[in-house]
Amino acid sequence: MTNAAPLPPEIARRRTFAIIAHPDAGKTTLTEKFLLFGGAIQMAGQVRAKGEARRTRSDFMKLEQDRGISVSASAMSFDFREYRFNLVDTPGHSDFSEDTYRTLTAVDTAVMVIDGAKGVESQTRKLFEVCRLRDLPIVTFCNKMDREARDTFEIIDEIQENLAIDVSPASWPIGSGREFLGCYDLLNDRLELMDRADRNRVAESVEIRGLDDPLLETHIPADLLAKLREEVAMARELLPALDRDRFLEGSMTPIWFGSAINSFGVKELMDGIGKYGPEPQPQPAAERVVYPQEKAVTGFVFKVQANMDPKHRDRVAFVRLASGHFERGMKLLHVRSKKPMSITSPVLFLASDRELAEEAWAGDIIGIPNHGQLRIGDALTEGEVLRFTGIPSFAPELLQSVRATDPMKAKHLEKALMQFAEEGAAKVFKPAIGSGFIVGVVGALQFEVLASRIEIEYGIPVRFEPSQFTSARWVHGPKDLVEKMVNANKQHIAIDNDGDTVFLTRLQWDIDRVLRDYEGVKLSATKEMLQ
């Protein structure tokens, strides 16, 4: 950090973070408990709700509720103690990882949830790598300790080896599976006991003076107490103590243990995020670095969600404020179109409820309803021309052609596809030769989601069919050379929804041939969303 002015108190109390995990590690359940303790909801929902148990608040799409998975990142704000938490829940399913990668550009820290029985899984590893690229500090929560879990040292070893990061235990589990009683809070020398009877109740906390306190014997069976004393002594000897500077630079992660479904360990985790987590951080732009304490308001769009309210064809752009104090009704410059925009009805999200945001500060995430003017990567400022960097767009790994089963609806289909492309839910390519569209996605499940959403939101039944192409590359290079290449390879050329030229390939050989024949032309697998 430079010798910049200190952060105003309102900005300094913000904590903006994403929750990342492999599918089924319990991420959405953890999100629910955060909202419960933040007072945002009265009773936490369950992902697969039975009878009266409420459904989760962060999964609002019909498909998410039917399948019990999260497919779109949702943002929620709530107060906890003296902090204002801005939580972004991301899809865990690997088919939606692009949405997650983009979300990580808008947060200052990530909470990595791992399953106590499964440890570090493939998707966790992938998401961790993205955090590493961005030097994001990571807080770890080891969930499901009330089920048969692995040995605590084994879990910590696996994180250290697989992810090459030092792990510092903030709490230590007492027993596991049926014998799981709670945790010993290593940072505050407290005993946290779990209440199994009521999942929405907060467990009790017993103040003790260290591990030799005789009071422990009234709460913990002798064999588990002996094991706890021995393990904590070893952990303190072998594992590093929590060092906030190392955590903030991304080389150490504190780990808490618990059971989200039983509301256990969640409060300690939230305290940890508040106390040790980073305040809103400076954001990189192509022109300069933007600091949160600057007076002028700036922000960037990291996600667009269409049809959040199916009754109105609205689109909400999720904007991360990078600096300043935003007030409703402000006029901001939309940098890409160079036009001013009056932000009259910005919204803050409290799970599936939204309320008008009268004001917001750097670090907050607000939603701006619009009719397609705002796209991913767009910057909003008080007049300065800034382009925020680092928001990726990945080449799709699966391509299929799409057609409406009713030919009369082809025109409407084009509009629907363009909306999904702007939302970042899929890439849409218009081939230079022939009619129709080719849709590119990262994972196969996205085709199902798109077909379901096009039918539910637009009333157009569609069919996805295999395409002859297997991947797409964006074309860059000197204008005359690119034109020459395009004219000679018309059957491979398409235009994406931003109007950029794309080379559709069947084999790696196609790419090699173009690079060999047209020296100076570049074919790239990612496109930075610079507007």
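This structure is a prediction, so every number in the text was calculated from the model and none was measured.
Atoms CD1 and CZ, on I114 and R150 in that order, are 8.5 Å from each other to the nearest 0.5 Å. Going from atom CZ of R15 over to atom CG of D108 covers 9.0 Å, rounded to the nearest 0.5 Å. Rounding to the nearest 0.5 angstrom, the gap separating the NZ atom in K331 from the OG1 atom in T344 is 10.0 Å. Here CZ of F420 is found 5.5 Å from CD1 of I454. Values are rounded to the nearest 0.5 Å. In this structure, OG1 in T105 is found 9.5 Å from CG in L136, a value given to the nearest 0.5 Å. One distance of note links CZ of R84 with CD1 of I11; it measures 13.5 Å at 0.5 Å rounding.
By the side chain to side chain donor-acceptor pair (under 3.5 Å) test, D166 pairs with R246, sequence neighbours left out. A285 is linked by a side-chain contact (heavy atoms from CB on, under 4.5 Å) to E287, V290, L386, F388, counting only residues two or more places apart in sequence or in another chain. The side-chain contact (heavy atoms from CB on, under 4.5 Å) check on T470 picks up T505, with sequence neighbours excluded. Every residue two or more places apart in sequence or in another chain that forms a side-chain contact (heavy atoms from CB on, under 4.5 Å) with L333 is listed here: V335, T381.
Residues G367 and V316 share a closest heavy-atom pair of CA-CG1, 3.6 Å. Residues V475 and V502 share a closest heavy-atom pair of CG2-C, 4.1 Å. The minimum heavy-atom distance linking S337 with H334 is given by the pair OG-ND1, 2.8 Å. Nearest heavy atom pair, residue P431 against residue A494, reads CA-CB, 3.8 Å. A pairwise comparison of heavy atoms in L450 and A426 identifies CD1-CB, 3.6 Å as the closest pair. Here the shortest heavy-atom pairing between A472 and L504 reads CB-CD2, 3.8 Å.
Within 6.0 Å of atom NZ in K484, 12 or fewer heavy atoms from other residues, nucleotides or ligands are found, so the atom counts as exposed in its surroundings. Counting heavy-atom neighbours within 6.0 Å of H325 NE2, excluding the residue itself, gives a total above 12. Annotation for R328: atom CZ counts as buried by contact number, over 12 foreign heavy atoms lying within 6.0 Å. Other residues, nucleotides and ligands contribute more than 12 heavy atoms inside 6.0 Å of the CD atom of Q508.
Checked by atom type and distance alone, the side chain of D498 never pairs as donor or acceptor with a backbone atom of D496 at under 3.5 Å. With hydrogens and angles ignored, the 3.5 Å screen pairs a side-chain donor or acceptor of R336 with a backbone N or O of Q373. The backbone N or O of I138 sits less than 3.5 Å from a side-chain atom of T253, completing a donor-acceptor pair. Q281 places a side-chain N or O within donor-acceptor distance of the main-chain N or O of E279, the cut-off being under 3.5 Å.
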Discussion item. Please evaluate residues Q160 and D157 with respect to the criterion side chain to side chain contact (heavy atoms under 4.5 Å, CB included), reporting the C-alpha separation (whole Å), side-chain torsions for both, the decisive distance (0.1 Å), and the verdict.
Written reply: CA-CA 5 Å; Q160 298 199 133; D157 271 356; 4.1 Å; yes
Practice prompt. Please test Q283 against R320 for side chain to side chain contact (heavy atoms under 4.5 Å, CB included), starting from the C-alpha separation and ending with a verdict.
Written response: CA-CA 10 Å; Q283 298 294 330; R320 154 77 195 237; 3.3 Å; yes
Practice prompt. Could you check F447 against V402 for side chain to side chain contact (heavy atoms under 4.5 Å, CB included), going step by step and ending with a plain yes or no?
Written response: CA-CA 10 Å; F447 286 126; V402 59; over 6 Å; no
Worksheet item: Would F34 and L269 count as a side chain to side chain contact (heavy atoms under 4.5 Å, CB included) if you check the C-alpha gap in whole Å, the side-chain angles of each, and the deciding distance to 0.1 Å?
Response: CA-CA 9 Å; F34 274 24; L269 174 66; 3.7 Å; yes
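Ion pairing of K118 with D24 is absent here, as no side-chain N (NZ or NE/NH1/NH2) approaches a carboxylate O to less than 4.0 Å. Using a 4.0 Å cut-off between a side-chain N of Lys or Arg and a carboxylate O of Asp or Glu, K411 and E414 qualify as a salt bridge.
Applying the side-chain hydrogen bond (donor to acceptor under 3.5 Å, both in side chains) test between Y458 and each of K415, R453, Q419 identifies Q419 as the sole match. Partner T16 forms a side chain to side chain contact (heavy atoms under 4.5 Å, CB included) with one of L87, V107, D364 and no other, that one being V107.
Listed by first and then second residue, the ring pair (Phe, Tyr, Trp, His ring centres under 6.0 Å) pairs involving residues 480-509 are F469-H492, H492-F503 (not counting sequence neighbours). The list of salt bridge (charged side-chain N to carboxylate O under 4.0 Å, His left out) pairs with a residue in residues 500-517, not counting sequence neighbours, reads D500-K527.
A heavy-atom distance below 4.5 Å is found between the side chains of P346 and F326. Side-chain contact between R102 and K303 is absent, with no heavy atoms from C-beta onward closer than 4.5 Å. Annotation: side chain of R125 is in contact with side chain of L163 (closest heavy-atom distance under 4.5 Å). Counting only heavy atoms from C-beta outward, the side chains of T29 and N143 never approach each other to under 4.5 Å. Using a 4.5 Å cut-off on side-chain heavy atoms (C-beta onward), T124 and M112 make contact. Under the 4.5 Å side-chain criterion, counting only non-hydrogen atoms from C-beta, H22 is not in contact with D115. Between V297 and L332 there is a side-chain heavy-atom pair separated by less than 4.5 Å. For the pair T28 and I19, the minimum side-chain heavy-atom distance is 4.5 Å or more.
With 3.5 Å as the limit, one finds no donor-acceptor pair spanning the side chains of S401 and S467. Defined by atom type and a distance below 3.5 Å, a donor-acceptor pair is present between the side-chain atoms of N487 and K490.
Using a 30° and 60° split on the angle between ring planes, W474 and F429 fall in the perpendicular class, above 60°. Under the 30°/60° scheme for interplanar angles, the aromatic rings of F17 and F85 are found to stand perpendicular.
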